[in-house]
Amino acid sequence: MTFPEYKEKYGIRLNDSQSEAVLRTEGNTLLLAVPGSGKTTVIVSRLGYMIKCLGVPYSSILTLTYSVAACRDMRERYISYFGDEGVPQFRTIHGICAIIIKEYERIKGTTAFELFDGECGESELLSECFRAVTGKFPETGDISEIMTAMTYVRNMMLDISEISSHTDIKCDVVAVARAYFAEKRKRRLMDYDDQLEFALKILKLHPEILDSFRRRYPYINVDEAQDTSKIQHEIIRLLSSGNLFVVGDEDQSIYGFRAAYPEALLSFEKAYDNAKILFMEQNFRSTGYIIKRASRLISNNRERREKHMYTERPDGKDIETVGFPTRADQYGWICNIAKDVVKDTETTAVLFRNNDSALIIIDNLEKQKIPYRYREADCPFFEHRGVSDILMLLDAVYGGSKESFATVAKRLGCGFTDSDITKITEYARSEGKSISFAMRECISQSDERYRRVYELSGAMERASRTRVSDGIYMLCRNTSFARFLDLRFPDIDIKIGILTVLASDCGGKSAFDKKLEFLREVTRKGRSPEGNAIILSTVHSSKGLEYDNVIIIDVRDGEFPSVVNPARAQKNEIATLEEERRLFYVAVTRARKSVRITAYASDFNSRTSPRSTFVSELMRYDASLFESSRKDTEKGASFFGKGKKTDISQLSAGKSVIHRRYGEGVIKEITRDKCTVSFGDGTEKSFSLSTAVSSGFISLKK
């Protein structure tokens, strides 16, 4: 069967670049596929072509992908084209590692360690080891953070001694990790990272097993290669016998915290002989404006291969940027949109950087009985140690909980010792007094700590007489506790802002507790009502999906991206900034028809208009100012600044101009649309003249 006959028989439609990828069945190939370019169609079509046209036995082809769900979806796609007879294998990398270990057991006549039954067993054992090493119970989020750090270090093939540089936990995490490894060996247990390490060791030390797998699978495909870790890439490299087909896009690598290793795509030619790089650059999903702006955005990353994403779809509606006075105003606007989505036939998704952002939206939607879809998730908000400390202090203030005070006391910034804590709690209990009163009575006025104690106890007393939202504000501003939180958690203002908004309609502490418990349950179980509803999702969870309309929220420096000042990012922040730019790029390219981007001007402890570096890069204008006011909230307000724009014909070499980011400068030269400006600090910058002028980015000095 010829290739044209094959496509006609199975109803397969491919463009030239897709056809080239399908026909490349021999040798080592890296296919770089931009968002919406039909990579799954190509992988499945290539499998069908190899089996139906070239006579490659289906059992000799192994396709590896990132998740069990992706394996299932790709298998179902294959069956929908070619039927359920002779289906090649689709497995996760952990899945093939399990088979390698089974083969080792068979050949060596031994039994490998048993795999943990889910993460719960791992976390319980790690908690035991934490207590054994430190003599203390782990704080909220400690175990999760250590597990994440261990996974990162091991997947990056680093020594476990380096774990301490990947966590902020104040204990000997290396000793905890080593105790965990020793206890696993003692109990003959292994986790998923052990599975990878053990499989790699087998392949390296037992050439007969490696050769058997190479003979069994002479053709290997890898999907979502940008999400594959360094150790996983090494396993794939060993298994490959020269016919490796890798599909990915480093621009869409968004799992750095799981040790995703997009660098392997950038060094593919060095790792594999006779390698060929193919590109699929046509996006079939999004409109022209979305594609042009997304391409412009991602071009700011340094660690990438240059691509030229394009679409044949019309330009459509340009991306909108909308600003609001406060976080609550932004989320109220989303609720108004959600009311209309119920009556709409199109899909609309609200995307955010992390699940924290969903809490206020869910609360508002529930109060107004507006349906929404939300995937279950382990919301990190409730595991955040700063949030946990605030909630325990609230228990002490509003409920008089001596236990909560004792738990959080050493993190109040007052320098309390164990004996101080015992004295304060016993005094409060025996005298029937509040914790705040007992704090002042038990610490001498001559003690250097007294000023901090007096300051905090006063805030606690004032808080106890007011609403919870006001109490949070009082406790977390201008107190020793507030200073402690600021030093320990760079993102704490965002967390406090969310708590304050959630508490705003709760008069008492019990109502606030009920609300938090409800939200914890919703985020754990998710929501999926019948009929149309607005979709709430993190950008990570939206990977591989698409929607008619996308709203990306909280796009402000310090939140998304998390780097507070990207223009002055330190070396260690550059990698974070580039990954978050990729995350933003993924969010924008989920949309078929429209994208709206929102942010808010003020939040807890913040009263200045935020910058949005990503909006500036996407739209090519200065998004440092929000012109919105409360009267604009219902419809939202544009990020664009106001004022009369300069006539482009007035600009020429030698003219003095004002640039909204770089200040005053002189035009050095204009070549076609390229304008080069020399600024007062000696730097030179080049811009697209038409874009800079039309957006009000640059203007003639009067």
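- Scanning for salt bridge (charged side-chain N to carboxylate O under 4.0 Å, His left out) contacts around E383 gives an empty result, with sequence neighbours left out.
- Remark: the T311 side chain and the R313 side chain contain no N/O donor-acceptor pair separated by less than 3.5 Å.
- Inspection of the E281 and S17 side chains reveals no N or O donor paired with an N or O acceptor under 3.5 Å.
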R582 vs D251, test: salt bridge (charged side-chain N to carboxylate O under 4.0 Å, His left out). Steps then yes/no. CA-CA 6 Å; R582 294 194 294 265; D251 289 338; over 6 Å; no

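- The residues D318 and R293 are annotated as salt-bridged, a charged nitrogen and a carboxylate oxygen being separated by less than 4.0 angstrom.
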Verify side-chain hydrogen bond (donor to acceptor under 3.5 Å, both in side chains) between D554 and Y331, making sure each step is shown before the conclusion. CA-CA 10 Å; D554 300 336; Y331 293 168; 2.9 Å; yes

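- Evaluation of the side-chain hydrogen bond (donor to acceptor under 3.5 Å, both in side chains) rule for S253 yields no partner, not counting sequence neighbours.
- Y66 meets the ring pair (Phe, Tyr, Trp, His ring centres under 6.0 Å) test with Y255; sequence neighbours excluded.
- Within 6.0 Å of atom CD in E85, 12 or fewer heavy atoms from other residues, nucleotides or ligands are found, so the atom counts as exposed in its surroundings.
- Checking Y374 against R527 by side-chain atom types alone, no donor-acceptor pair falls below 3.5 Å.
- Comment: D505 engages K515 in a salt bridge, judged by a side-chain N to carboxylate O separation of less than 4.0 angstrom.
- If you check the side chains of Q368 and K339, you find a donor sitting under 3.5 Å from an acceptor.
- A donor-acceptor contact closer than 3.5 angstrom is absent between the side chains of R91 and T65.
- Annotation: cation-pi geometry not satisfied between R24 and F245 (NZ/CZ under 6.0 angstrom from ring centroid, within 45° of ring axis).
- In this model, no donor atom of one side chain and acceptor atom of the other lie less than 3.5 Å apart for E579 and T576.
- For the 3.5 Å distance criterion, the side chains of R373 and S528 qualify, holding a donor opposite an acceptor.
- For residues 286-312, the set of pairs meeting the ring pair (Phe, Tyr, Trp, His ring centres under 6.0 Å) definition, not counting sequence neighbours, is empty.
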Test side-chain hydrogen bond (donor to acceptor under 3.5 Å, both in side chains) applied to D329 and T326, step by step: CA-CA 5 Å; D329 293 328; T326 67; 2.9 Å; yes

Could you go through the salt bridge (charged side-chain N to carboxylate O under 4.0 Å, His left out) check for E546 and R592 one step at a time? CA-CA 7 Å; E546 57 185 54; R592 287 189 283 261; 2.7 Å; yes

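- Checked against side-chain hydrogen bond (donor to acceptor under 3.5 Å, both in side chains), N549 has the following partners two or more places apart in sequence or in another chain: E346, T348, S594.
- Partners of F284 under the ring pair (Phe, Tyr, Trp, His ring centres under 6.0 Å) rule, at least two apart in sequence or in another chain, do not exist in this structure.
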